[in-house]
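Owing to the predicted nature of the structure, the values given are computational and were not obtained by experimental measurement. Atoms within a ligand are numbered from 1 in the order they appear, just like the ligands themselves. In what follows, residues are counted from 1 in the order of the sequence shown.
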Amino acid sequence: EDADRLARFQARIDADERIEPNDFMPAAYRRTLTRQISQHAHSEIIGMQPEGNWITRAPTLRRKAALLAKVQDECGHGLYLYAAAETLGATREELVDQLLAGRAKYSSIFNYPTLSWADIGAIGWLVDGAAIMNQIPLCRCSYGPYARAMIRVCKEESFHQRQGYEIMLTLARGTAEQREMAQDALNRWWWPSLMMFGPPDAASAHSDSSMRWKIKRFSNDELRRKFVDATVPQAHVLGLSIPDPALRYDSATGHWEHGAIDWEEFRQVIAGNGPCNRERLAARRQAHEDGAWVREAALAFAARRARAEAA
Ligand code: 3HC
């Protein structure tokens, strides 16, 4: 691409203009957005599994209805995001095939098991809480379709976070056994939630370009810090302890300083060696096969209607 067009593009970004599908954009901008949006979409679809696992075992009809609504929302978020990725020229089929072939990334957090009902509370509270931290700035992303998809997603995400926190509050104020369930879930979901924000800024391959192009508005470490600062006080309200002996409040900066994150665990989970990676992909492949007849029927119907209209 010639330097002049690139300079004009960057000037539009610097002026906080929205880039739309038919506008000129550098190939690298298109590539990194297709990468991020498709992985975001995959995360939403795979993310249905850990929670879906508890829909039939929810403790009350109200909890069941809220969880059912949340899992359906995640599916919808995935579809918005695949649609946003298609505006960049990718096809949904090729993105889905990459996921099914194990060649695509999705958020590390969904490779952990949901062992008790309290995990559903911890996921809503921590995972959706972290997702909100990450997705609110994405509403101001320079690429129009992605930013607009995020506005609707964030509205639904706040309901997800509230219902999760309410589950944790109910358990934390319940019997000793329920409190222990809530603490056990916090112990298992705390560190993987911090890893959701990505590697440390110094190890982040894409942050420089994503910040320059206003795709990423805050760095991985900045968002992680905002999440910790907001969440530690919530744990105190719940009467639960954060599983980090090094956690301490720095009154000089007003931030909570936390202990070292196990980046080797993060690398292993991303490389496919997390607790549930294989079963998540196996379940996705099975669901895709089970749904083949729907896709074939829809294609046959569309072809017949096209022939009827052409006749
Ligand atoms: N899980 C898996 N891969 C991760 C990751 C994570 N938690 N964090 C980073 N990575 C990957 C990146 O994709 C990149 O690999 P790639 O080059 O193969 O894509 C590599 O690690 C280096 O990380 P970078 O920081 O350089 O990558 P990014 O600039 O893309 O930043 C990100 C990572 C902050 C996750 C960014 O991609 C992002 O904001 N993505 C969109 C939001 C998102 O995916 N949120 C998590 C999904 S959870 C969710 O939304 C469901 C909720 O509704 C419950």
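In this structure the side chain of W117 never reaches within 4.5 angstrom of the side chain of R57, judged on heavy atoms. Two residues are said to be in side-chain contact when any heavy atoms from C-beta on lie closer than 4.5 Å; E289 and R284 fail this criterion. Here the side chains of I132 and I136 are in contact, with some heavy-atom distance below 4.5 Å. Using a 4.5 Å heavy-atom cutoff, the side chains of M168 and Q234 are not in contact. The shortest distance between side-chain heavy atoms of V96 and I45 does not fall below 4.5 Å. Contact of the Q10 side chain with the R212 side chain is registered, since non-hydrogen atoms from C-beta on lie closer than 4.5 Å.
In this structure, Y249 has its ring center at least 6.0 angstrom away from the ring center of H255.
Residue contacts with ligand 1, taken as heavy atom pairs separated by less than 4.0 Å, involve M195 solely via the backbone atoms N, CA, C and O. Using a 4.0 Å cut-off between heavy atoms, N220 contacts ligand 1 through its side chain alone, with no backbone atom that close. Contact annotation: for A131 versus ligand 1, heavy atoms closer than 4.0 Å belong to the side chain alone. With a 4.0 Å heavy-atom cut-off, ligand 1 is reached by no atom of F218. Only the side chain of P199 comes within 4.0 Å of ligand 1, judged by heavy-atom distances. Only the side chain of I270 comes within contact range of ligand 1, with a heavy atom under 4.0 Å; no backbone atom does. Of the heavy atoms in F110, only side-chain atoms (C-beta onward) come closer than 4.0 Å to ligand 1. The backbone and the side chain of S204 each have at least one atom closer than 4.0 Å to an atom of ligand 1 (non-hydrogen atoms only). Contact annotation: for K105 versus ligand 1, heavy atoms closer than 4.0 Å belong to the side chain alone.
Between N134 and ligand 1, at least one N/O pair is under 3.5 Å apart. Residue R35 has at least one nitrogen or oxygen atom sitting less than 3.5 Å from a nitrogen or oxygen atom of ligand 1, judged on distance alone. Here's the thing with E74: one of its N/O atoms is less than 3.5 angstrom from an N/O atom of ligand 1. Residue S207 has no N or O atom closer than 3.5 Å to an N or O atom of ligand 1. Residue S210 places no N or O, backbone or side chain, under 3.5 Å from any N or O of ligand 1. Taking only nitrogen or oxygen atoms, main chain and side chain alike, A205 reaches within less than 3.5 Å of ligand 1.
Under the 30°/60° scheme for interplanar angles, the aromatic rings of F9 and W213 are found to stand perpendicular.
Judged purely by atom type and a 3.5 angstrom limit, D201 has no side-chain atom pairing as donor or acceptor with the backbone of S219. Side-chain N or O atoms of Q183 include one that pairs as donor or acceptor with a backbone N or O of S241 at under 3.5 Å. At least one donor-acceptor pair under 3.5 Å links the side chain of S38 to the backbone N or O of R35. Formation of a donor-acceptor pair under 3.5 Å by the S158 side chain with backbone atoms of K155 is found in this model. No donor-acceptor distance shorter than 3.5 angstrom exists from the side chain of E44 to the backbone of A41, with no hydrogens or angles considered.
With ligand atoms numbered from 1 in the order given, ligand 1 contributes 52 (C), 53 (O) to contacts under 4.0 Å with heavy atoms of E157. Shown in contact with Y146 at under 4.0 Å from a heavy atom are these atoms of ligand 1, numbered in order with element: 41 (C). Near S108, the atoms of ligand 1 lying under 4.0 angstrom from a non-hydrogen atom of the residue are 1 (N), 2 (C), 6 (C), 7 (N). Applying the 4.0 Å criterion to heavy atoms of Y106 picks out, from ligand 1, the atoms 1 (N), 2 (C). Remark: ligand 1 atoms within the under-4.0 Å shell around heavy atoms of S43 are 47 (C). Those atoms of ligand 1 with a heavy atom of Q39 less than 4.0 angstrom away are 13 (O), 19 (O).
When only modelled atom types and interatomic distance are considered, Y146 and T87 share no side-chain donor-acceptor pair under 3.5 Å.
With hydrogens left out, the protein atom closest to atom 5 (C) of ligand 1 is F266 CZ, 3.7 Å, a heavy atom. For atom 38 (C) of ligand 1, the closest heavy atom belonging to the protein is Q36 NE2, 3.3 Å. In this structure, atom 8 (N) of ligand 1 lies nearest to the protein heavy atom G198 CA, 3.2 Å. Considering only non-hydrogen protein atoms, atom 49 (C) of ligand 1 sits nearest to E44 OE2, 3.9 Å.
Distance remark: protein heavy atom not present below 4.0 angstrom from atom 32 (C) of ligand 1. There is a protein heavy atom closer than 4.0 angstrom to atom 47 (C) of ligand 1.
Nearest-residue assignment for atom 54 (C) of ligand 1 (options D221, D128, L33, L138; heavy-atom criterion): D128. Nearest to atom 35 (C) of ligand 1 by heavy atom, out of M211, K216, M196, is M196. Nearest-residue assignment for atom 17 (O) of ligand 1 (options H206, Q161, M133; heavy-atom criterion): H206.
The side-chain contact (heavy atoms from CB on, under 4.5 Å) test with M195 singles out one residue from R224, R267, E265, and that residue is E265.
Salt bridge status for D14 with K214: absent, with no side-chain N to carboxylate O gap under 4.0 Å. Salt bridge status for D128 with K70: present, with a side-chain N to carboxylate O gap under 4.0 Å.
Heavy atoms of Q135 come nearer than 4.0 angstrom to ligand 1 in at least one pair.
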Distance-only donor-acceptor pairs under 3.5 Å for side chains of residues 294-311, two or more places apart:
residue : atom : partner : partner atom : Å
R295    : NH1  : H288    : O            : 3.3
R295    : NH2  : H288    : O            : 2.9
R295    : NH2  : H288    : NE2          : 3.3

